[in-house]
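Accompanying notes for the structure given below.
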Amino acid sequence: MLPREYNPKDIEQKWQKYWEKEQIYAFDSKSDKKPFVIDVPPPYASAGHLHVGHALHYTQFEIIARQKRMLGYNVHFAPCFDDNGLPTEKYVEQKLGISKKDVERSEFRKLCKEESKKVEGEYAEKVFKALGHSYDWKLLYTTISPEAQRISQISFLKLLAQGDCYRAEEPTLWCPYHQTALAQAEIEDIHRNTTLNHILFNTEDSKIEIATTRPELLPACVGIFVHPEDSRYTKLVGKKATVPLFGQKVPIMADEKVEKDFGTGIVMICTFGDKTDIEWWKKYHLPLKVCITNEGKMDKTTGKYEGMTIKEARKAVLADLKAEELLVKQEPLEQEIGTCWRCNTPIEFIVTKQFFIRTLAHKEALIKQARKINWHPDFYRKRFEDWTNNLSWDWCISRQRYYGVPIPVWYCKKCGEMILPDEQDLPLDPLETKPKTSCVCGSTEFIPEEDVFDTWMTSSMSPEIAVRWLEKPEHFEQLFPASLRPQAQDIIRTWAFYTILKAYLHFKSVPWQDIALGTYILDPKGKGMSKSKGNVVWADDLLKNYDVDTFRYWVGTAKWGSDVPFNEKDLVAGRKFLVKLWNASRFTLSHLENYTPKKPGLEPIDKWLLSKLNKVIKQSTENFKHYETSEAKQAAELFFWRDFCDNYLEIVKDRVYNPDKHEEKAIESAKYTLYISLLTTIKLMAPILPHITEEIYQSFFQQHEKTKSIHCSEWPEVKETFEEEEEAGDLLVEILSKVRQFKTEQKVSLKTQIELTLPKEQLEKLAPVLEDLKAVTRATKINEGNYEIKLQD
RNA sequence: GGGCCUGUAGUCUAGUGGCUAUGACGCCACCUUUACAUGGUGGAGAUCAAGAGUUCGAAUCUCUUUAGGCCCACCA
């Protein structure tokens with residue numbers, strides 16, 4: 001039997017240990033049950049400790065895993081970590097106070113692996129296990145593991161072979177801070193105030209005024225454009241202009257893309273200031289004149305400006321222009337510029353050799369694929385489609401970084417030919433391994449590729465990695481596509497996009513049947529939480545003050561796909577519910593001692609409750625199916641609190657406290673109803689509140705139900721409903737409520753005896769439950785006549 | 001500039017055509033009642049952002065306006 005005090009900490013620890021020992025959540029690869037595969041988001045283990053938003057997100061779909069398991073699915077729920085890539089690299093550099101440049105690549109990679117492992121261990125214990133998450137830890141994978149690297153590299157080789165991956169020397173999005181190429185998805189626009197500078201250029205016979213925000217790019221100026229119908233300037237077209245300070249002569253051309261009304265209506269094109277520069281550079285076959293290095297500094301072609309940063313050079317160039325009276329006007333300008341999403345450094349366009357995966361050629365196909373997937377909520381599909389339609393670059397997958405999956409390629413020193421390894425030799429690092437054969441030209445000297453993959457190259461294969469595509473092909477056949485991808489909405493353009501792309505390119509398949517976008521947390525004022533704003537609430541701090549089920553109750557109220565502000569007081573409701581569940585269970589179970597469940601003939605009022613219960617089961621089941629966790633929870637909660645506690649328990653007290661007054665079969669009926677309704681309630685709440693429901697289950701139900709945990713018991717099934725009894729019961733409750741109101745107004749105890757007079761048609765309807773009404777309202781007698789409640793003298 | 005989401009009591013929230021608009025926190029009053037005072041019962045509190053339209057009937061559907069949020073584009 002349950003103790004009087006509800007002690008969450010003891011209960012949590014006891015059952016978490018038990019679940020682990022008994023392997024309650026193990027995926028059974030030999031089972032013939034239908035699989036349900038969840039494509040879990042691998043968290044960055046470098047984050048140190050966990051943001052309440054992550055805890056919310058990870059718990060939100062963990063609830064789904066539990067419910068599916070109870071529904072009878074063989075749930076494949078693999079924990080994972082993303083420990084490959086920039087964040088880890090930067091974390092290690094910061095934590096150990098080193099720079100990747102001071103250390104050998106292999107040494108640096110080793111340090112990264114060691115640090116990741118430490119953090120992951122902590123994470124697993126302090127976060128996932130503490131929150132009662134039901135992973136099968138035997139399925140753990142990390143994105144830097146040999147298996148994941150192998151999948152990443154094989155994916156690359158296959159795409160290269162089928163022509164969907166290529167290497168090209170192109171102007172590429174470049175982060176001067178991280179000194180690497182980036183993909184379009186890694187660019188974040190920020191708003192900033194800048195200056196528009198009007199600069200004088202000489203033409204053959206006149207002066208023209210050009211407005212630019214990037215005067216430091218003058219040395220890279222290769223042309224000047226005006227609008228073809230701009231009467232002010234048409235006479236200039238075909239002539240040459242001289243770039244101030246640097247002296248190169250550049251052609252003046254016309255293009256419709258020029259905005260006549262912006263600035264002076266004359267644009268200079270530099271290699272490269274923005275995307276239009278690239279477009280025109282290609283369209284008009286202009287020369288390439290680079291002036292910025294990979295580090296974001298002025299290069300040796302810029303003379304006295306060499307070595308200056310972009311900012312310094314801008315200042316210096318402007319000062320020199322001013323001195324020569326070539327700077328005629330400066331005006332403030334607001335603009336949005338593309339920056340690196342991790343460091344917010346403005347991106348540059350730098351010509352480098354990179355590997356790309358084709359996306360532009362597959363836009364339509366990808367949108368079609370996305371339409372085969374169920375999006376929860378559906379409007380996020382639109383965001384995917386918009387993103388896909390607006391793509392203007394293929395996916396650049398090579399990064400000039402140290403820590404990541406190496407690109408498995410060598411180049412022949414003699415003829416430059418690309419040499420690829422055999423699939424069976426993967427994973428490998430070309431810096432550490434040599435090709436097995438000589439080049440077609442006969443040379444045996446090779447230059448290894450030093451770049452690594454974009455981390456999304458690996459993460460985009462998470463459904464394949466999770467079910468061990470290459471290690472267990474038979475597994476893969478059965479478990480791919482996955483059932484569900486839960487993820488955050490801010491990475492639709494990366495994780496969701498690339499995963500859909502890869503599944504399409506490799507298997508002409510969707511990667512999953514469903515994608516569900518989780519809840520996005522905001523601070524109490526409705527602003528996004530971030531470390532830089534200092535408004536982050538940490539999950540481990542919260543768990544010091546609240547028990548896990550209380551936290552999970554709050555998670556259960558959050559609606560998928562929408563934002564929720566975090567207010568600590570919302571946790572109070574959860575605590576109250578748990579105490580209520582505890583006490584109602586104590587009461588119920590105290591009357592079921594030595595009871596063995598057996599379906600008896602049911603009393604009408606018991607049919608009333610069971611009928612309502614069946615409707616709740618139906619609703620909750622439906623809700624869970626559509627990832628409407630909060631609705632499912634609310635349905636169960638309302639039933640429990642209102643129908644079961646407030647009304648039914650009060651009604652049933654007469655039978656359990658005064659058995660002598662009642663027939664044996666009425667008492668059997670009551671006990672059966674108590675048994676079923678409490679068991680069903682805790683089952684409906686089990687996915688959300690795994691600890692308290694397990695405690696209640698184990699303290700009594702387990703001996704009759706046999707399954708070793710509530711979490712592998714069967715999800716309740718909808719049985720019959722009883723419309724007539726429901727009506728009678730509802731009327732009883734209505735009258736009970738009026739009686740309570742009457743007693744409150746009279747300022748008497750609810751125990752006070754009364755005399756009740758009810759109209760004939762109500763009495764007829766109430767006939768099956770009249771004795772229950774009499775007992776619960778403490779009516780000494782019930783008369784027929786005009787409605788009246790009277791205090792007993 | 002384009003697209004998407006949201007606007008319901010002091011606060012958060014349910015409700016996508018139909019009884020006096022849901023629930024929680026907070027507030028007020030009463031109730032020592034044998035599960036629970038971390039409780040129970042009852043109450044006050046909302047012109048459902050504004051306007052127009054469709055309809056017998058609108059928080060709910062349509063349009064316009066407005067406020068907030070998000071995504072994308074432009075970015076000389």
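It should be emphasised that the depicted structure is a prediction, and the values quoted were computed from it without experimental measurement. Below, chains carry the letters A, B, ... as their sequence lines are ordered, and counting in each starts from 1.
With hydrogens and angles ignored, a donor-acceptor pair closer than 3.5 Å exists between the side chain of A/Lys580 and the base of B/C36.
To the nearest angstrom, C1' of B/U38 lies 11 Å from CG of A/Leu578. As rounded to whole Å, 6 Å separates atom P of B/A37 from atom CZ of A/Arg4. Spacing between atom CD1 of A/Ile754 and atom C1' of B/U33 amounts to 15 Å, rounded to whole angstrom units. Here the C1' atom of nucleotide B/A73 and the NZ atom of A/Lys257 are 11 Å apart, to the nearest Å. B/C36 atom P lies 11 Å from atom CD of A/Glu650, rounded to whole Å. Distance CG (A/Asp386) to P (B/C71): 13 Å, rounded to an integer number of Å. If you take CH2 of A/Trp554 and C1' of B/C25, they are 15 Å apart, rounded to a whole angstrom. Straight-line distance from the CG atom of A/Leu750 to the P atom of B/G39: 16 Å, rounded to whole Å.
Ring-plane geometry between A/Phe225 and A/Trp280 is classed as parallel, the angle between the planes falling under 30 degrees on a 0 to 90 degree scale with a further cut at 60. Aromatic ring pairs are classed by plane angle as parallel below 30°, tilted from 30° to 60° and perpendicular above 60°; the pair A/Tyr675 and A/Phe701 is perpendicular. Taking the six-membered ring where the residue is Trp, A/Tyr498 and A/Trp395 present parallel rings, their angle staying beneath 30° rather than reaching 60°.
Close to B/A73, at under 4.0 Å from its OP1 or OP2, lies a side-chain N or O of A/Gln184. Taking 4.0 angstrom as the limit, A/Lys275 places a side-chain polar atom (N or O) nearer than this to OP1 or OP2 of B/C74. The side chain of A/Gln489 places no N or O atom within less than 4.0 Å of a non-bridging phosphate oxygen (OP1 or OP2) of B/C71. OP1 or OP2 of B/G42 lies within a sub-4.0 Å distance of a side-chain N or O belonging to A/Ser737.
Mapped onto RNA chain B by nearest heavy atom, A/Val572 and A/Phe379 fall at different nucleotides, with A/Phe379 at the one closer to the 5' end.
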key: Per-nucleotide pairing state of RNA chain B [Watson-Crick or G-U, under 3.5 Å; [ ] pseudoknot-crossing; | other strand]   = ((((((((.[[[..)..(....]]].(((((.......))))).....[[[[[..)....]]]]])))))))....
Pairs: protein N or O with nucleotides 22-24 of chain B N or O, under 3.5 Å:
residue	atom	partner	partner atom	Å
B/G23	OP1	A/Arg642	NH2	3.2

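Applying the 6.0 Å contact sphere to CD of A/Glu364 captures no more than 12 heavy atoms from other residues, nucleotides or ligands.
Spacing between B/A52 and B/A14 at atom P, rounded to whole Å, works out to 28 Å.
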